[in-house]
Structures are given as structure tokens and as C-alpha cells.
Amino acid sequence: MIGALGLDVFADAVYRALLAQPGAGIQAVAASSGLSVEQVRAGLDSLSELALVHPDPEDASTLRAMPPDLAMDVLFAHQQAQLAAQQEKLTRARAQAAQLVSQYTALSPTTATAGVEHLQGLDRIRVRLAGLSAEARREVMIFAPDGPQTEENLRASQPLDQEMLDRGIRLRSICLDSVANHQPTIEHADWLASQGGEIRVVATLPTRMVIFDRATAVIPVTSDDTAAAAVVLTSQGPLTMLVALFESTWAAARPLGTPAPQNEHGLTPQEHAVLTLLAQGHTYESSARRLGVSTRTARRIATDLLERLGARSLFEAGAKAAWRGWIVPDAS
């Protein structure tokens with residue numbers, strides 16, 4: 001169990017040996033654990049960094065292991081700190097990617113830029129997407145931040161999805177948590193999974209995006225009207241970042257249909273997203289659009305969070321949430 005909480009094999013073996021032989025020296029620990037002296041020293045270094053061993057009060061030349069119940073608390077806290085750091089890193093990566101997307105989509109259609117193709121109007125976007133889908137050879141990655149689709153749209157997408165899957169294309173889609181409450185989407189996901197496709201969900205997504213074979217990405221110029229205009233990116237630099245963004249988001253997402261987990265503060269991903277968006281100054285309406293839910297739902301979630309925080313306003317809720325470590329103050 002101790003090893004499962006982040007200790008390497010040497011530290012785990014040394015810790016167990018010190019529990020069994022309090023005050024044992026390095027040679028004795030090596031003999032009982034089957035480790036070399038160098039490995040014992042490496043294990044002690046790891047344990048010392050986490051304060052899981054301490055000098056014997058009566059003999060400073062020997063070390064004693066922290067009792068297991070206290071050690072568990074230390075390791076749990078260490079793991080939580082690592083998870084929080086990873087979440088913050090992911091948040092910053094998403095912000096950087098969003099900035100990159102803004103940089104490229106802000107270019108006017110008349111701007112000649114290598115690796116950037118502009119598409120104006122829904123018809124041109126659809127034709128280009130259909131062509132790229134037909135040319136795909138390995139995989140297609142999709143960000144779908146628009147919330148539940150109509151049954152008609154879901155049915156219309158099946159022939160194209162089927163055709164790609166029949167060609168052995170790996171098809172991965174990341175949708176919003178809100179689609180889990182939409183029965184037609186659940187049925188579509190079940191069908192897609194039966195054909196070999198994969199769908200995961202997250203609370204928010206930075207933009208709509210489709211990446212073909214890690215070589216071409218299509219993103220809208222504005223998230224407010226994804227049908228108005230789009231850009232096709234083939235430059236290696238932006239693609240590398242967008243693929244990394246997809247993979248990091250995919251790793252943090254969960255399969256559609258599985259329960260939403262709570263973090264150490266008792267927040268679901270959707271609750272955390274609402275709190276973060278409101279703290280950034282988003283209105284209930286804009287937060288709802290980002291989450292793919294109704295304004296009423298966003299307001300209900302926010303009201304519950306205000307009660308849990310003991311706050312009387314969104315500003316106070318944001319301040320209290322940041323002070324308690326529920327959100328990262330500079331997240332954007």
C-alpha cells in the first residue's frame with residue numbers, strides 16, 4: 001500500500017525494514033531487505049525528503065520510521081499536491097493552446113500565411129471536412145464543445161463515422177459532461193463504441209477542433225459562430241501543441257456514462273468549471289454556453305456552490321474558493 005502511494009521500490013523496502021527493526025543501521029536494513037548498501041541509502045534519501053524517517057531521540061546516529069498511520073497521511077497529502085500541480089499544468093496548457101488558436105484564427109482571410117487555409121461559410125467548411133475525412137489514414141481526434149446534438153444531427157453523422165471506422169481509423173471524441181444527460185447522445189455513443197469509436201467527457205473545452213492524422217487541424221475562427229468561418233492548420237508547430245492539448249485532455253477525461261468523480265474538495269469537474277468560469281468574470285449565460293447546459297442549470301450549480309462556501313456574491317465566492325485552494329486564482 002505504501003508503495004502504491006508514490007514510494008519507489010527501494011524506499012518502500014527500507015521503510016518496511018525499519019518498521020520491523022526500529023533503529024537498525026544501514027547494514028542491518030540491507031541484510032533484511034535484500035538490498036545493496038547503495039540501494040538502502042537511495043531509499044533513505046527518498047524517505048528523508050518526505051520526512052518519513054527521523055533520527056532516534058536517544059541516538060541521533062540511527063533512524064526510525066514514521067508510524068504507518070501518519071505516513072499514510074503524509075503520502076496522501078503528497079499525492080494530492082502532485083495531482084493539483086498536474087491539474088494546474090493542464091489548465092495552463094489549455095490556456096496556451098487557446099491563445100495559439102486565437103492567434104491563428106485572428107488572421108484575416110486575405111493574410112497569406114504558410115500552413116494556414118481560410119474557409120468562409122458552412123458549405124465550404126463541410127466540404128473540406130468531408131475531404132479530410134476521406135483522406136484520413138490513421139486517426140481522427142475531435143473536440144465537441146457544443147453540448148447535446150439533435151437526434152437528426154447524430155443520425156446524419158453515423159454514415160461518415162461508420163465509413164472511417166470501417167477503414168480502421170481510430171476515432172476519438174471529447175464532449176462535454178452535459179451530454180451524459182441526453183439519451184440520444186448516450187445511444188449514439190453506445191453505437192459508436194460497438195463500432196470501435198471512443199467518446200470521453202470533460203466539463204469544458206477551449207474550442208471546437210478536428211485533427212486528422214496529426215497532420216491537419218480544423219478550428220473555427222470564433223466559438224460564438226462555428227459555422228461562419230474556420231481555418232485549416234498544417235504548420236508543424238501549432239499542430240504539435242494542439243495534438244498535445246488533445247492528448248492531455250483525453251487523459252484527464254472519463255468515458256461517457258461513468259460517474260463524475262469528486263476532487264479532494266468534494267467538487268465534481270462541472271462544479272469546479274462553474275466556479276472557475278464565474279471567478280474569471282463569466283456571466284451565468286456565458287458559463288452555461290461553455291458547459292453546454294442551460295442558464296438555469298449554471299445558476300443552480302453556482303447557487304449551491306455559494307451556499308457551500310458561505311458566500312453572498314460571486315466575487316466573494318471566487319475569493320473564498322481561491323483562499324481554500326478550490327480553484328487556481330490565475331487560471332484562464
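Here the structure is a predicted model, which is why all the values come from computation and not from measurement.
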With a 4.5 Å limit on heavy-atom distance, are the side chains of I174 and V201 in contact? no
For the residue pair R128 and V232, establish whether any side-chain heavy-atom pair is separated by less than 4.5 Å. yes
Compile the donor-acceptor pairs under 3.5 Å between side chains in residues 299-306 and protein atoms, sequence neighbours left out, one pair per line.
{"from": "T303", "atom 1": "OG1", "to": "R299", "atom 2": "O", "distance (Å)": "2.8"}
{"from": "D304", "atom 1": "OD2", "to": "R308", "atom 2": "NH1", "distance (Å)": "3.2"}

P259: which residues meet the side chain to side chain contact (heavy atoms under 4.5 Å, CB included) condition with it, sequence neighbours left out? none
Indicate yes or no for a side-chain donor-acceptor contact from T258 to the backbone of R254 under 3.5 Å, with no hydrogens or angles considered. no
Pairwise side-chain contact, E198 with W250, heavy-atom cut-off 4.5 Å (strictly under): yes
Path from L122 to V127 over hydrophobic side-chain contacts below 4.5 Å: no
Count the heavy atoms belonging to other residues, nucleotides or ligands that lie under 6.0 Å from CZ of R126, then report whether that count exceeds 12. no
How about V231 and V218: do any of their side-chain heavy atoms sit closer than 4.5 Å? no
Is there a donor-acceptor pair closer than 3.5 Å between any side-chain N or O of H118 and the backbone N or O of A230? no
Sequence neighbours excluded - ring pair (Phe, Tyr, Trp, His ring centres under 6.0 Å) pairs with any residue from residues 134-165: F143-F246
Check side chain to side chain donor-acceptor pair (under 3.5 Å) between T283 and all other residues, then give those that pass, not counting sequence neighbours. E285, S286
Keeping the roles fixed (side chain from Y15, backbone from M66), state whether a donor-acceptor pair exists under 3.5 Å. yes
Residue pairs meeting salt bridge (charged side-chain N to carboxylate O under 4.0 Å, His left out), one or both in residues 20-45, sequence neighbours left out, come to none
If only atom types and distance count, is the side chain of E316 paired as donor or acceptor with the main-chain N or O of R312 below 3.5 Å? yes
Can you list every pair that meets salt bridge (charged side-chain N to carboxylate O under 4.0 Å, His left out) and has a residue in residues 134-143, with sequence neighbours left out? E139-R172, E139-R214
Partners of P184 by side chain to side chain contact (heavy atoms under 4.5 Å, CB included), sequence neighbours excluded? E151, L154, H182
Cluster check L35, V37: I/L/V/M/F/W/Y, side chain < 4.5 angstrom: yes
Is there a path of hydrophobic side-chain contacts, each under 4.5 Å between heavy atoms of I, L, V, M, F, W or Y residues, that connects L129 with L160? yes
Note, V140 side chain near V210 side chain (heavy atom, < 4.5 Å): yes
Flag the pair M141 / M209 as yes when at least one side-chain heavy-atom distance between them is below 4.5 Å, and no otherwise. no
Validation row: P269, V202 side chains within 4.5 angstrom (heavy atoms): no
Check whether more than 12 heavy atoms from other residues, nucleotides or ligands sit under 6.0 Å from atom CD of Q183, and answer yes or no. yes
Applying side chain to side chain contact (heavy atoms under 4.5 Å, CB included) to A273 and not counting sequence neighbours gives A203, T204, L291
Partner set under side chain to side chain donor-acceptor pair (under 3.5 Å) for R155, not counting sequence neighbours: none
Salt bridge (charged side-chain N to carboxylate O under 4.0 Å, His left out) partners of D161, counting only residues at least two apart: none
Sequence neighbours excluded, which residues qualify as ring-ring contact (aromatic ring centres under 6.0 Å, His included) partners of W191? H188
Between S287 and L278, is any pair of side-chain heavy atoms under 4.5 Å apart? yes
By side chain to side chain contact (heavy atoms under 4.5 Å, CB included) - contacts of S294 (at least two apart): R296, T297
